[in-house]
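First the structure, in the form of structure tokens, and then the observations on it.
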Amino acid sequence: MLKVKNLHACVAENKSIKILNGLDLYIRKGEVHVIMGPNGGGKSTLANILMGRPSYEITNGEVEFNGKSILDLAPDARSHLGMFLAFQYPVEVPGVRPWQFLKASLDAKAEANREKKISVREFTKIFNQKVEEVGINSNLIKRSLNEGFSGGEKKRNEILQLQIINPLLAIMDETDSGLDIDALRIISDGINSMRSNQRSFLIVTHYQRLLNYVKPDFVHILVGGMIVDSGGPDLALKIENSGYKDYIK
Amino acid sequence: MPDIFFSHSIDQFNILFNNAKKKSFFDSKVNEIKNIAWDYFLSTGLPLHRRGNEEWKYTNLNPLSETKFTIDADIDIDFSSITKLIPFSDNWHNIVFINGNYFSKLSENSTKTNDINIVPLSSSKLPDEFATLANPDLSPFTALNTAFFSEGIIIEIPDNNKVSKDLNIVFLTSQSSENLATFPRVFLKCGENSNLNFIESYINLSSGNNLTLPVVEIVQSKNSKINHYRIQLENKKSFNIGTTRIEQKENSNFNSTTFSTAALIGRNDLHVLLQEPHSTCGLYGLYITSGDQQQDNEISTTHVKHDCTSKQFYKGILSGRSKAVFSGKILVEKDAQKTDADQKDLNLLLSRDCEVDTKPSLEIYADDVICAHGATAGNVDMNTLFYLQTRGLDLETAKEILIRGFADEILDRFSPKDLHCFLSDYIDDIIPELRDQSDTIGTF
Ligand SMILES: Nc1ncnc2c1ncn2[C@@H]1O[C@H](COP(=O)(O)OP(=O)(O)OP(=O)(O)O)[C@@H](O)[C@H]1O
Ligand SMILES: [Mg+2]
């Protein structure tokens, strides 16, 4: 589903800041991949570059999604193909209501893929149901998107969007950070309920505790802009015990 | 100091005034007020000198003084379509003026009901307070309005009346109007324990350069409540310089929301006098400018007595080479202890060449007072745009959504449903133009 080959990237405005230095990653349909790594290693940069954030420049390498090169595509076009990013720091969007926003999001996707738009009634039903499942206060969700939300509420809201947009590849950047134990449960349940042989996950996390709920197929260690080690769930346990010192020269 | 500017600013109105006088059918009492106003205007002229003149520092009125206006207007209106072009609802009590004239076809016939008394100014005995809130010598423009008004509306609400229908007054400039000057005049007195929702709009359907100089006076008696909505939808060649004065008696509540856009020079000069204790007033506004437009907001609140709460909250969206001014004054007099006053002006600047001048001015002579103010001017944030794009919205749509989101906070205060729909459609129509004139959004 996702092929990242020898990816090199730097900051667009300052090309001397090189962040990804030859990164390879291969995710097949239905797989759950976890990326761990020390702060500043380049995890968020990778996640953002996969979605097409314009502040980075790709200097070498290739990214394919379902066999198609995506590096020239705008973020919205990548979204229409079925890619999704849950942000490490979800953005506050004043005056924009989650309901309208998500409806517009689905409509844009339907239009791009020449599908029929979902009716207001059907959408409202799904929306309300997901809001309840994710455990967001229904008054909060009537207000502006993320504005004044607590850290945890913002993360729940990312999960709400994930569940409604229903992508093929969900990239989740530290969605489990800053969550209380109930929220962690909800989010894990959310991910598990969406797991299927058609949908893949790329989960960035610092904590092994998430992996008690979500069993990954692969765990990768990202240091200095490269994947320096890959393995199964045991690798996360090992990191939990001994940290990254073995990987940092 | 008679100089070339000065005489220039007087000359053309001089001719008009003599014309107007010939047609005047007012009684001697009114004519006396008019003469006083005219004399005052002769002594000041238009405020063309900006240096050292705080109130007009940011506003160049030369384009106004260089235009020759007329006060004679035809009415060319297609009634069948007109109600779609103005705020209008069958649920409201509608009063429509076209080119300065009271237009009975679109105005409710029975204007005298138990709960409200609405009379065209020309056939009404003027209330005692008329022209005392907006004194002719308040400004050259109040003077001009007073000297020139030929029609207007007097509204009186008796005590103990909750007026059930929203009152909607529309001042319309018709399609083919060119160089037309109109002087709308409204006087409203709300009795004790009475309530009213009052919509006031200035709509210009022409593409000519016209001048609209409205003056509105509102007296609020004890325990009364008014929700006021003011809409200025001009055209990019026209001038709209409005004066609104409100006096609030004890324990009254005045809420006003304005939407001002599209004038070459627009100015909303709004002053609320909190004359007696325990009153509240909330002044909200949205201004949108593009092209070469300018919109001034001269907003001021005076706290005379104790325990009053006031709020000023304005938002501006600017694009192109346009300009806006927010001048927010809060005056707290020495007897106004326990005043709670709050002021905020937030601006979204969509282009490099637009400019907003925000001038907060707080004058406080009491000691037990809470007074807060804040102002910002910023661009649409790149990070936010990316966030919306990752959800499948294209860049253009994402920008539109953010502009609209910025406007909504004020727009949503237009509570009458039909009014909200009207403005919502209007804003949706102009957003693409704002976006197209923008060069800051999408940059870092
Ligand atoms: N736009 C940018 N401009 C300058 N430096 C940047 C930019 N984006 C990322 N960096 C730098 O690149 C490095 C990698 O950042 P990134 O956010 O990808 O790390 P991370 O692995 O997600 O870290 P964390 O675990 O703390 O979230 C950091 O040193 C960061 O400061
Ligand atoms: Mg990160």
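Numbers restart at 1 for each chain; the letters A, B, ... are given by sequence-line order, proteins then strands.
No hydrogens or angles considered: nothing links the side chains of B:Asn379 and B:Asp381 as a donor-acceptor pair under 3.5 Å. B:Thr301 and B:Gln312 are linked by a side-chain donor-acceptor pair at a separation below 3.5 angstrom, with hydrogens and angles left out of the test. There is no side-chain donor-acceptor pair under 3.5 Å between B:Asp340 and B:Thr309. A donor and an acceptor atom, one from each side chain of A:Asn157 and A:Asn146, are located under 3.5 Å apart. A donor atom on one side chain and an acceptor atom on the other are not found under 3.5 Å apart for B:Asp353 and B:Ser351. Donor-acceptor pairing under 3.5 Å is recorded for the side chains of A:Ser69 and A:Glu62. Side chain to side chain, B:Asp345 and B:Thr358 meet the donor-acceptor criterion of an N or O pair below 3.5 Å. When only modelled atom types and interatomic distance are considered, A:Ser44 and A:Gln88 share a side-chain donor-acceptor pair under 3.5 Å.
If you tally non-hydrogen atom pairs under 4.5 Å between each of A:Glu92, A:Lys109, A:Met83, A:His80 and chain B, the highest count goes to A:His80. Between chain B and the residues A:Asp76, A:Val93, A:Leu85, the most heavy-atom pairs under 4.5 angstrom are made by A:Asp76. Interface summary for chain B: among A:Ala104, A:Pro75, A:Gly95, the most heavy-atom pairs under 4.5 angstrom belong to A:Pro75. Most heavy-atom pairs under 4.5 Å with chain A: of the set B:Ile401, B:Thr390, B:Asn383, this distinction falls to B:Thr390. Taking chain A as the reference chain and counting heavy-atom pairs below 4.5 Å, the highest number among B:Leu411, B:Thr384, B:Asp408 is found for B:Thr384. Note: A:Ser105 leads A:Ala108, A:Ser105, A:Ser144 in heavy-atom pairs under 4.5 Å with chain B.
Heavy atoms closer than 4.5 Å to chain B are found nowhere in A:Asn113, neither backbone nor side chain. If you measure heavy-atom distances from A:Asn48 to chain B, the contacts under 4.5 Å come from both the backbone and the side chain. For A:Arg78, no part lies near chain B; criterion is any non-hydrogen pair under 4.5 Å. Interface remark: A:Leu145 contributes side-chain atoms only to the contact with chain B (heavy atom separation under 4.5 Å).
Applying the ring pair (Phe, Tyr, Trp, His ring centres under 6.0 Å) definition to pairs two or more places apart or across chains, those involving residues 376-417 of chain B are A:Phe87-B:Phe386, A:Phe87-B:Tyr387, B:Tyr229-B:Phe414.
Within the 6.0 Å centre-distance limit, the rings of B:Phe254 and B:His228 are counted as a close aromatic pair.
Figure legend: cation-pi geometry between A:Lys154 and A:Phe149 absent, as NZ or CZ is not positioned both under 6.0 Å from the six-membered ring centre and within 45° of its axis.
By a heavy-atom distance cut of under 4.5 Å, A:Gln161, A:Ile165 are the residues of residues 161-175 of chain A near chain B, going up by number.
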